[in-house]
Amino acid sequence: MLSEPRSGRLAAWGNALLAGLVSPDDAVLAIVGSDAVHRVEGVPGESAPVGLTLALGRLRTLGVSGLRVALPAPGHPLGLSGPPEFNARALEAEEAVVCHGAALGLVPEVYEAGPAGDVHVEVVWHCLPVREAPPADVPSLGEAERELAEALRDATTVLSRLDVAGSGPMAEAAVEAYRARAERGREMLAPGYPPRAVRVLELAQRVGLLVSLAYENGHGGAVSASEMGARVAALRPVERTGRRAQVAAYNAYVEERER
């Protein structure tokens, strides 16, 4: 969770484009980010993969008025509504975008080539049918914000007792990267999102950073089996809460429109 998921960029900037708040060129530039190229395969009416601009335009003509994010994990189909085939592909990718207004979803497949430091990344989004039903386990922004505060407090208490706080050069570098990211503030979400969504996403990514640092530091000071079990037990719910909050933030645009 140290960087935003591709599904988050596609949903956020796709929503801004659908609302007429940004130009197609600006939206595509933001969605692609540091990747080389994104294409969309399986768009209804298209026999071959197409670029993002054409794909988003075609989705609009099919009735899509918004885009939601799903960030599923084993045992937690967060943001998904089926069918099983779509859920399985989304779970394998650990993310997906679900269209609002048409029974379609998009799952990314990432291809990497080239030496370390000069990796060429191409992304193919597979457009697939989805079930029109409420997404699984997605909280409101208010619920997500409260859950994050509670989870962060509880996890910090347990992890501090087990001596697993982030330390060392790698941890310090990760913290500095997060701080630099946070300083960019509202660049985290596209135009049209409420300020509360930005706040929730920032806190969710901070929670994700702390969880990642704790995992990357091995077992930290937890030396007994019971301490290691307590450490995992402390991390698992806060990681789940952070993912739920990210989904709530990215989906806030569609939720606002529905209200």
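On a predicted model such as this, the values are computed, not experimentally measured, just so you know.
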Quiz item: For Glu92, does the CD atom have more than 12 heavy-atom neighbours from other residues, nucleotides or ligands under 6.0 Å away?
Solution: no
Quiz item: Can Ile31 and His38 be said to form a side-chain contact (heavy atoms from CB on, under 4.5 Å), step by step?
Solution: CA-CA 8 Å; Ile31 293 167; His38 284 216; 4.1 Å; yes
Exercise. Indicate if Val123 and Val119 have the same hydrophobic cluster label, given that clusters are the connected sets of ILVMFWY residues with side-chain heavy-atom separations under 4.5 angstrom.
Key: yes
Self-check item: Backbone N/O of Asp137 and side chain of Arg244: donor-acceptor pair under 3.5 Å
Solution: yes
Quiz prompt | Residues forming a side-chain contact (heavy atoms from CB on, under 4.5 Å) with Val28, sequence neighbours excluded | solution = Val32, Leu52, Thr53
Practice problem: Look only at the side chain of Glu95 and the backbone of Pro5, and say whether a donor-acceptor pair between them is shorter than 3.5 Å. | Solution: no
Self-check item: Neighbour count >12 (heavy atoms, 6.0 Å) for atom CD, Glu255
Solution: yes
Exercise. Give a yes or no on whether Val43 and Leu18 share a hydrophobic cluster (residues Ile, Leu, Val, Met, Phe, Trp, Tyr; joining criterion: side-chain heavy atoms under 4.5 Å apart).
Key: yes
Quiz item: Can Arg199 and Glu145 be counted as an ion pair, charged N to O under 4.0 angstrom?
Solution: yes
Quiz item: Is there a chain of hydrophobic side chains (I, L, V, M, F, W, Y, each step under 4.5 Å between heavy atoms) that links Leu59 to Val97?
Solution: yes
Quiz item: Is a donor on one side and an acceptor on the other found under 3.5 Å between the side chain of Arg58 and the backbone of Pro44?
Solution: yes
Exercise. Give, for atom CD of Gln246 and atom OG of Ser7, the distance between the pair rounded to the nearest 0.5 Å.
Key: 8.5 Å
Exercise. Output all residues satisfying side-chain contact (heavy atoms from CB on, under 4.5 Å) with Ala73, sequence neighbours left out; order by chain, then residue number.
Key: Arg243
Practice problem: Please step through side-chain contact (heavy atoms from CB on, under 4.5 Å) for the pair Val121 and Ser34, ending with a clear verdict. | Solution: CA-CA 8 Å; Val121 178; Ser34 61; over 6 Å; no
Quiz prompt | Residues that Leu54 engages under side-chain contact (heavy atoms from CB on, under 4.5 Å), provided they are two or more places apart | solution = Glu46, Val50
Self-check item: Distance-only side-chain donor-acceptor flag, Tyr193 / Asn15, under 3.5 Å
Solution: yes
